[in-house]
Amino acid sequence: MVVTRFAPSPTGYLHVGGARTALFNWLLAKKMGGKFILRIEDTDTKRNTPTAAQQVMDDLQWLGLNWDEGPGIGGENGPYLQSERRDIYDKYIQQLLDEGKAYYCFETPEELAAIRDEAAKAKKALVYPRPATYPTLDDVEKAKSEGRPVVVRFAMPGTDVVITDVVRGEVNVAAGEIGDFIVQKSDGFPTYHMAVVIDDELMGVTHIIRGQEHLMNTPGHQALQDALGFRRPTYAHMSVTVSESGGKLSKRERPKALKNFIKSRSEINVDELVGIGGITAEQLESFVKGKTIPDMPIIDAIAKHIGLKLPEINIVDFFKSGYLPETMINFMGLLGWSTSDDREIMQLAEQIECFDLKRLAKSNSLFDRKKLLSFNTEHIRLVGEEKLLANFKNYLQEINSPLNAADDELLKRFLTANAGARTLADVEVKCRFVFVENDAIQYDEKAVKKVLMKGNALEILAEIRSRFAAMEEITAEGIEKLLRDLAEEKEVGLGKVAQPLRVAICGNTISPPIFESVDIIGMESTLKRIDKTLEKFSEA
RNA sequence: GGUCCCAUCGUCUAGUCGGGCCUAGGACACCGGGUUUUCAACCCGGCAACAGGGGUUCGAAUCCCCUUGGGACUACCA
């Protein structure tokens with residue numbers, strides 16, 4: 001059976017790169033009728049944050065990437081948090097030690113840095129100078145008493161290595177290129193290399209799809225597998241997704257965008273930003289100078305304060321911007337992968353059906369936000385009324401929208417009235433006017449100037465008001481007929497009638513179709529808003 | 001610097017393994033036009049690429065070499 005896994009380290013939100021990795025592993029498992037495991041690689045006690053693992057799981061769930069085994073649901077190969085598997089790693093590390101395939105080291109960071117410098121000077125890769133005879137347990141005790149760090153290194157066999165990779169074919173790495181690497185850190189935790197090899201073996205992982213950044217780790221992993229008598233899983237190293245600004249698409253993108261914006265705008269007084277999102281003056285100064293990066297919620301708060309839209313990187317960012325999970329799945333699945341027949345817009349079932357590991361691309365791909373937008377437009381159209389509604393409700397809750405007050409029926413009307421919207425955010429913004437008090441409409445300056453103050457717009461608005469007031473039965477069709485008739489009588493285009501009315505009821509020139517808009521807020525509110533508008537702008 | 005990986009329209013890519021069907025296909029973006037009560041959507045049309053140089057071959061986007069360019073790694077991070 002095919003077993004794949006996604007193994008994030010809980011250091012932050014799930015970002016596009018990680019989600020894409022998860023997706024391909026998930027897709028392969030689904031396609032082959034196999035199993036998809038979630039494992040949390042929390043062996044770095046310094047970098048882990050307590051909420052990150054949960055956030056990552058929430059994000060995976062939002063995307064619909066459910067796991068068959070892992071945190072929250074368990075499974076026969078648990079525990080699924082590496083921090084809870086210490087005894088397992090210890091056992092294998094001991095085995096390596098016993099068999100002379102690993103040895104203790106006691107260098108301080110400074111001594112290690114010196115070795116590194118020397119290697120750099122000699123223009124060679126850093127290879128740890130393996131001692132002729134390995135330190136004994138007595139040496140370990142002695143080092144400990146001297147306060148030296150104790151680590152365990154794996155003794156790389158001195159043979160050339162051939163990596164067989166589904167994407168890249170055979171990759172040759174010369175002996176001596178990969179030095180003896182650490183398998184157990186001085187805090188007793190295994191390194192990534194050790195933990196990943198053991199867990200993949202024990203959990204029965206058959207296929208490992210991961211980023212290209214791991215390609216050069218593979219010789220070490222294979223050597224470890226051989227030393228421990230493990231199977232070799234099938235590897236597929238995917239190309240990297242790069243951003244418009246060049247380089248790997250990373251979580252640093254957002255802070256970077258914010259910093260650059262602050263620096264580029266002289267009108268922004270940095271001192272006034274202190275306190276926003278809880279940032280201190282020192283943190284802010286350090287951030288603007290590019291020395292440190294504040295936490296994401298602080299970044300978000302400041303960006304919001306100065307009205308800057310940050311590029312979406314984390315999966316939640318896309319959620320908050322009104323993208324559908326269906327869009328993200330479809331789009332990420334096409335980053336460095338393609339169908340054989342030019343299909344692009346696909347439903348999930350179709351995507352699973354045609355998934356093929358062999359079609360992973362070798363070259364890097366750029367994350368094209370414009371194309372993502374167009375995919376979202378398409379999926380909003382395709383996803384179906386019920387799913388769209390569910391997505392919309394999730395979204396409204398996530399952003400804490402005033403539209404949360406609407407019932408399902410109303411929400412559905414919003415959605416159908418906005419067919420063709422690019423994001424759920426577009427729909428939300430366009431429908432907010434419904435939940436504003438009749439006397440609290442904010443008039444957009446440009447809209448007033450361009451529409452209300454032009455020609456006889458106010459006259460027409462007054463005429464609409466009196467005709468509306470005289471309507472006996474109020475229906476969307478009736479409203480439409482009334483407005484069309486009026487336009488015809490006045491011998492003007494419908495725009496001359498619809499636009500003043502639109503500005504009157506929602507304060508700007510952008511809203512759902514006008515007949516629908518009037519019908520949604522109701523005739524009573526419409527009349528009140530027209531009165532208010534007439535009153536406010538007539539004397540001018 | 002060292003090691004490894006990659007290279008087709010502005011972007012994502014098909015075609016590369018198994019040379020001819022490629023006067024290089026699709027999608028997004030862009031430009032022009034149409035539809036239209038705003039925004040969006042929608043319809044029609046257009047622009048646009050085999051990084052450069054050598055080979056191999058009757059024939060190369062496809063195979064080989066070099067150059068150039070891009071990327072990853074180079075941690076007691078994963």
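Proteins come first, then strands; the chains are lettered A, B, ... in the order of their sequence lines, and each starts at number 1.
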P gap between B/C17 and B/G10, integer Å: 25 Å

Relative to the 5' end of RNA chain B, which residue comes earlier, A/Ala498 or A/Val151, by the nucleotide with the nearest heavy atom? A/Ala498

Touch class at under 4.0 angstrom, heavy-atom based, for A/Lys496 against every strand present: nothing

Across all chains, not counting sequence neighbours, the ring-ring contact (aromatic ring centres under 6.0 Å, His included) partners of A/His221 are A/Tyr192, A/His193

Look at the side chain of A/Lys430 against the base of B/C39 and say whether a donor-acceptor pair falls under 3.5 Å; ignore hydrogens and angles. yes

Extract from the structure each pairing of a protein N or O with an N or O of nucleotides 62-67 of chain B at less than 3.5 Å, listing the distance.
none

Ion pair A/Asp44/A/Arg47, N-O distance below 4.0 Å: yes

Scan A/Ser374 against the nucleic acid and name what it touches under 4.0 Å (heavy atoms): base, sugar-phosphate only, or nothing. sugar-phosphate

Is the shortest distance from a Lys or Arg side-chain nitrogen in A/Lys490 or A/Glu459 to a carboxylate oxygen in the other one below 4.0 Å? no

Dump every N/O contact between nucleotides 10-14 of chain B and the protein below 3.5 Å, one line per pair.
from  : atom 1 : to       : atom 2 : distance (Å)
B/C12 : OP1    : A/Leu366 : N      : 3.2
B/C12 : O2     : A/Lys371 : NZ     : 3.3
B/U13 : OP1    : A/Gly336 : N      : 2.7
B/U13 : O3'    : A/Ser338 : OG     : 3.3
B/A14 : OP1    : A/Ser338 : OG     : 3.0
B/A14 : O3'    : A/Arg359 : NH2    : 3.4

Does this structure show an ion pair linking A/Asp444 with A/Lys446, if we count only N-O contacts that are shorter than 4.0 Å? no

What's A/Arg343 touching, base or sugar-phosphate or nothing? Going by heavy atoms closer than 4.0 Å. nothing

Give me the distance, rounded to whole Å, that separates B/C44 from B/U35 when you measure between the C1' atoms they each carry. 11 Å

Determine the contact category for A/Arg168: base if any of its heavy atoms lies under 4.0 Å from a base atom, sugar-phosphate if only primed atoms, P, OP1 or OP2 are that close, otherwise nothing. sugar-phosphate

Counting the atoms with a prime plus P, OP1 and OP2 as sugar-phosphate, which does A/Pro8 contact under 4.0 Å by heavy atoms, base, sugar-phosphate, or nothing? nothing

How is A/Phe515 classified with respect to the nucleic acid when contacts are heavy atoms under 4.0 Å: base, sugar-phosphate, or nothing? base

Heavy atoms under 4.0 Å, any strand shown: does A/Arg422 hit a base, just sugar-phosphate, or nothing? sugar-phosphate

Comparing nearest nucleotides in RNA chain B, the 5'-proximal residue of the pair A/Ala421, A/Leu215 is A/Leu215

Paired to B/G32 by Watson-Crick or G-U wobble criteria (both distances under 3.5 Å) is B/C44

Touch check for A/His237, heavy atoms < 4.0 angstrom, all strands: base, sugar-phosphate only, or nothing? nothing

Quick one: label A/Gln184 by what it contacts on the DNA or RNA (base, sugar-phosphate, nothing), any heavy atom closer than 4.0 Å. nothing

Would you classify A/Val171 as touching base, sugar-phosphate or nothing, given that sugar-phosphate means primed atoms plus P, OP1 and OP2, and contacts are heavy atoms under 4.0 Å? sugar-phosphate

